[in-house]
Number of protein chains: 2
Amino acid sequence: MATIYEVAERAGVSLSTVSRVLNGRATVNAKLKDKVEKAVRELNYRPNSIARSLASNRSDSVGILVSELNTPFFGDLMQAVESTLREADKHVVITVGHNNLKTEQDAVEFLISRNCDAIIMHVEALSDDFLIDINKNRLPIAVVNRHIDGLDQSSITLNNELGGYLATSHLIGLGHRHIAYITGPMEKRDAAQRLEGHKRALKEAGLTLNASLIYHGHYEEEDGKAGLLAFLSRNLPFTALVCGNDWMASGAMSCARDLGMSLPADLSIVGFDDVVFAHHVFPRLTTVSNPISQMAEMSARQILNTVYGHDYDVQRLFEPTLVVRESTMKNKAKS
Amino acid sequence: MATIYEVAERAGVSLSTVSRVLNGRATVNAKLKDKVEKAVRELNYRPNSIARSLASNRSDSVGILVSELNTPFFGDLMQAVESTLREADKHVVITVGHNNLKTEQDAVEFLISRNCDAIIMHVEALSDDFLIDINKNRLPIAVVNRHIDGLDQSSITLNNELGGYLATSHLIGLGHRHIAYITGPMEKRDAAQRLEGHKRALKEAGLTLNASLIYHGHYEEEDGKAGLLAFLSRNLPFTALVCGNDWMASGAMSCARDLGMSLPADLSIVGFDDVVFAHHVFPRLTTVSNPISQMAEMSARQILNTVYGHDYDVQRLFEPTLVVRESTMKNKAKS
DNA sequence: CTGTTAGCGCCTTCAG
DNA sequence: CTGAAGGCGCTAACAG
């Protein structure tokens, strides 16, 4: 690979001049500029971004830290951030945390040691204090789907409580009175908040909460099955089911069908997130939309603004909406 | 951030000694080593990998280039590569090519300029010659799901032709005689090969190929719908449908149901890839497995071997298998 | 507007 | 086994 020296030599100028035309910051005599550009072309020269980064302490790249690489949810997140940043000519370095404290810390250290200019993350394990410290002493961060007091500008959040409320209210509106709920792990803030919304909806409708109709899962498909089986074994009446995410809803649907239930006649089901397969399932899943792509875009804009001097509008609080499809219907059971 | 100088000073040794204990290559007096390690801990020192990379011309990180960030297929690919490399203490830098020549080239240049030690890629637009040149003159690459003559060691491929053959043979075995086929774009090698397999299966069974029962799509969900509608409008009999991937199969299934067809009684459908939602659809999709995770792991091993001196076994040719679920059944139509 | 001179933080010869 | 010195490729003052 050619270096900036060879370009300078071939163009007959000093390397600072080459650097100047490459970065376009200072003005350069047109003739010299042409010469340099010619030399660059002839040598097929590409600046070494590592060296540039070491010298300038900037890298024009921002780190992304997600929990998983192979789920539609994080896929949408990465996709949105990448394309937003690409438009501003920034690159993206992606790392994975696997929801594990050590791994997430390592990832952050890696991104810092790679001189990223900022980090956009969606993590659970890292503590608020750790993140505040990073943002204060190391490099700017933006956090998706989590609110951190003290990082209000950098937190892009979804009103999960409202989402849970919408899901359950929808079912109540359809005449359901006994509504089961399969929640995600309570350590996850979004899971806890969604459940809160469910409770509020019940309360406002004057329905009493039956703890036996709440099952604690881990946001995974099997939990849908396990939860449904648990409810059935308890021999309580219920005509509708809210799930903390679409995976569990899908698991519950498969299980219900395997048990010979007819959907949605025998059981109305609502999911959460509206991930890509929500409309692949049958009946198509009624669910709560999670505007993760927009939220991700906003996190990218936030970074563009604070680190690179852009001036985008950034929306920091998002409201989910109910997406009514075919997995819910009026309660036909008398009760 | 502390530098190696500060560590050296605090430990009372020279920076070369610090470098040595950090990299563990040369032997260092145990006492000095302890001192250094103590200093490292106290200062919470982290080597700057950018600087290390500039000086050593290695980065212990390998680039990944995929077409999309937000599909299960590429998600599985990234996931498998990442975890295989992580075990060997290598990092991963992910970039996206969007199936676009210019973007893919940029991505490669980016990864090279970031001093990646190698690149693992799954791309369509980049030419064989370009890749051969990169591999020869710049840095080692591994290619997933594509065979390149001259890069035989670095090509990890799937026998797509066999996959198409398996899909159609399965239907023939169920008594179907009129089998429609929705293919992916013929520019994509895998799509063309899968279709070849379909044709071979028909031929071997003594069935004639009807060009009107082939629809050209782009591997996207809507193509499944469009294809099915096209076939129906042609007023030809057909009792089964093979789709070039699961997305199109899912689109066809939704469409069929919307038209009032009963599945699989009225139409048997086979997909390809066995992506994560294949068993979410109803009826659960019979499809051809695409062992993308294993293939991705092998590509990582290949790099581990050639770049980092490991000695893993690597399998370079994979055979798909048929996954029979509930979307296919015996042909009941006489014909 | 252009060239010269120091580093950025680290690795790697080379002597000792 | 250890320290000193040079350099990776580039940017960023600083003079001129």
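Here is how names work: the chains are called A, B, and so on, in the same order as the sequence lines, proteins then strands, and each is numbered from 1.
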**Q** Whole Å only: how far is the CD1 atom of A/I112 from the P atom of C/dG9?
**A** 15 Å
**Q** Using a heavy-atom cut-off of under 4.0 Å over every strand shown, decide if B/S16 touches base, sugar-phosphate, or nothing.
**A** base
**Q** Is there a side-chain polar atom (N or O) of A/T27 under 4.0 Å from OP1 or OP2 of C/dC1?
**A** yes
**Q** Side chains of A/D273 and A/Y219: any donor to acceptor distance under 3.5 Å?
**A** no
**Q** Distances for protein N/O vs nucleotides 7-10 of chain D N/O pairs under 3.5 angstrom?
**A**
unit_1: D/dC8; atom_1: O2; unit_2: B/L54; atom_2: O; d: 3.4
unit_1: D/dC8; atom_1: O2; unit_2: B/A55; atom_2: N; d: 3.2
unit_1: D/dG9; atom_1: N2; unit_2: A/A51; atom_2: O; d: 3.3
unit_1: D/dC10; atom_1: OP1; unit_2: A/Y45; atom_2: OH; d: 2.3
unit_1: D/dC10; atom_1: OP1; unit_2: A/N48; atom_2: N; d: 3.1
unit_1: D/dC10; atom_1: OP2; unit_2: A/I4; atom_2: N; d: 2.4
unit_1: D/dC10; atom_1: N4; unit_2: A/Y5; atom_2: OH; d: 3.0

**Q** Between D/dA4 atom C1' and B/E9 atom CD, what is the distance in whole Å?
**A** 17 Å
**Q** Distance-only, no hydrogens or angles: does the A/D76 side chain make a donor-acceptor pair with backbone N or O of A/S293 under 3.5 Å?
**A** no
**Q** Strictly distance-based, threshold 3.5 Å: is any side-chain N or O of B/T71 a donor or acceptor partner for the main-chain N or O of B/E68?
**A** no
**Q** Report which part of the nucleic acid B/S53 touches: base, sugar-phosphate, or nothing (heavy-atom distance under 4.0 Å, all strands).
**A** nothing
**Q** Hey, would you say the B/H310 and B/Y312 ring centroids sit under 6.0 Å apart?
**A** yes
**Q** At what distance, to the nearest 0.5 angstrom, does CD1 of B/I119 lie from CD1 of B/I112?
**A** 5.0 Å
**Q** Between the side chain of B/R301 and the main-chain N/O of B/D313, is any donor-acceptor distance below 3.5 Å?
**A** yes
**Q** List the steps and the verdict of side-chain hydrogen bond (donor to acceptor under 3.5 Å, both in side chains) for B/D60 and B/Y308.
**A** CA-CA 9 Å; B/D60 283 332; B/Y308 300 113; 4.7 Å; no
**Q** Between C/dG9 atom P and B/N115 atom CG, what is the distance in whole Å?
**A** 18 Å
**Q** With axes from five pairs an end, tell me the bend angle of the helix from C/dC1-D/dG16 to C/dG16-D/dC1, nearest 10°.
**A** 40°
**Q** If you draw a 6.0 Å radius around CG in B/N44, do more than 12 non-hydrogen atoms from other residues or ligands fall strictly inside?
**A** yes
**Q** Roughly how many Å is it from CG in B/L22 to C1' in D/dT2, rounded to a whole number?
**A** 16 Å
**Q** With a 4.5 Å heavy-atom cut-off, do B/T95 and B/I64 have their side chains touching?
**A** no
**Q** Less than 3.5 Å apart, any donor N or O on the side chain of A/R316 or A/Q153 sitting next to an acceptor on the other?
**A** yes
**Q** What I'd like to find out is whether the side chain of A/M121 reaches to under 4.5 Å of the side chain of A/I141, using heavy atoms alone.
**A** yes
**Q** Expected output is a numbered-order residue list: members of residues 31-40 of chain B with a heavy atom under 4.0 Å from any atom of DNA chain C. What is it?
**A** none
**Q** To the nearest Å, give me how far apart CZ (B/R20) and P (C/dC11) are.
**A** 11 Å
**Q** Output the rounded distance in Å from CZ (A/R58) to P (D/dT11).
**A** 9 Å
